[in-house]
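Here's the structure, in structure tokens; my notes come after.
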Amino acid sequence: MKTKLTISVDKRLLQEAKAEAAKKHIPVSGLIENFLEFLVRPRVFCFKCGEQFKASDAEVCPKCGWLICEKCKVCRCGLGEEASVTAYHMRKVYEHLLGGRIK
């Protein structure tokens with residue numbers, strides 16, 4: 001069941017978002033719904049094996065503070081330096097979008 005949502009955003013930003021969404025054939029409401037879904041039920045991909053898992057089900061490594069993959073049991077501790085830097089910056093993208101850490 002869907003419900004109507006009224007939001008206020010910068011007019012120019014909305015115009016740009018609508019144009020970009022149209023190029024990708026995605027309704028703006030779908031973008032908002034996807035974001036809200038990720039906000040309340042985040043699913044992430046392991047940087048080692050690529051498996052997708054629920055952040056809420058994952059344990060946090062006490063040493064590095066990263067989520068531990070449920071499949072391969074790897075966190076930042078199991079990555080090389082270059083991969084760790086890449087994963088760190090991707091995590092920062094998530095945190096920026098969400099206004100804080102995933103878990």
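Along the sequence shown, residues carry numbers from 1. It should be emphasised that the depicted structure is a prediction, and the values quoted were computed from it without experimental measurement.
Of all heavy-atom pairs between I68 and V60, the closest is CD1-C, 4.2 Å. When every heavy atom of K48 is checked against every heavy atom of G78, the shortest pair comes out as NZ-O, 4.0 Å. V40 approaches P42 most closely through the heavy-atom pair C-CD, 3.6 Å. The nearest pair of heavy atoms linking R91 to G65 is NH1-O, 4.2 Å.
Atom CD of Q15 sits about 9.0 Å away from atom CG of D10, to the nearest 0.5 Å. Between the SG atom of C77 and the CH2 atom of W66 there is a distance of 9.5 Å, given to the nearest 0.5 Å. How far CG of L79 is from OG1 of T86: 9.5 Å, rounded to the nearest 0.5 Å. From E95, atom CD reaches atom CG of L97 across 10.5 Å, with rounding to the nearest 0.5 Å.
Residues I26 and I7 do not share a hydrophobic cluster, defined by chaining ILVMFWY side chains whose heavy atoms lie under 4.5 Å apart. One hydrophobic cluster, built from ILVMFWY side chains closer than 4.5 Å, cannot hold both V9 and L31; they sit in different ones. In the hydrophobic clustering of ILVMFWY residues, with side-chain heavy atoms under 4.5 Å counting as a link, L5 and F35 come out together.
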### Trace of the ring pair (Phe, Tyr, Trp, His ring centres under 6.0 Å) decision for F53 with F45
CA-CA 6 Å; F53 60 94; F45 291 87; 8.6 Å; no
### Task
Starting from the C-alpha separation in whole Å, work towards a yes-or-no answer on side-chain contact (heavy atoms from CB on, under 4.5 Å) for F47 and M90.
CA-CA 10 Å; F47 288 109; M90 287 304 302; 3.9 Å; yes
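Residues E33 and K2 are in side-chain contact: their nearest non-hydrogen atoms beyond the backbone lie under 4.5 Å apart. At a threshold of 4.5 Å between non-hydrogen side-chain atoms, the residues C49 and C69 count as touching.
For Y88, the OH atom counts as loosely surrounded, since its 6.0 Å shell holds 12 or fewer non-hydrogen atoms of other residues, nucleotides or ligands. Open room surrounds CD on E82; 12 or fewer heavy atoms of other groups in view lie less than 6.0 Å from it.
The pair R76-E81 meets the salt-bridge criterion, since a charged nitrogen lies less than 4.0 angstrom from a carboxylate oxygen. Looking at E70 and K54, no side-chain N of the basic residue comes within less than 4.0 Å of a carboxylate O on the acidic one, giving no salt bridge.
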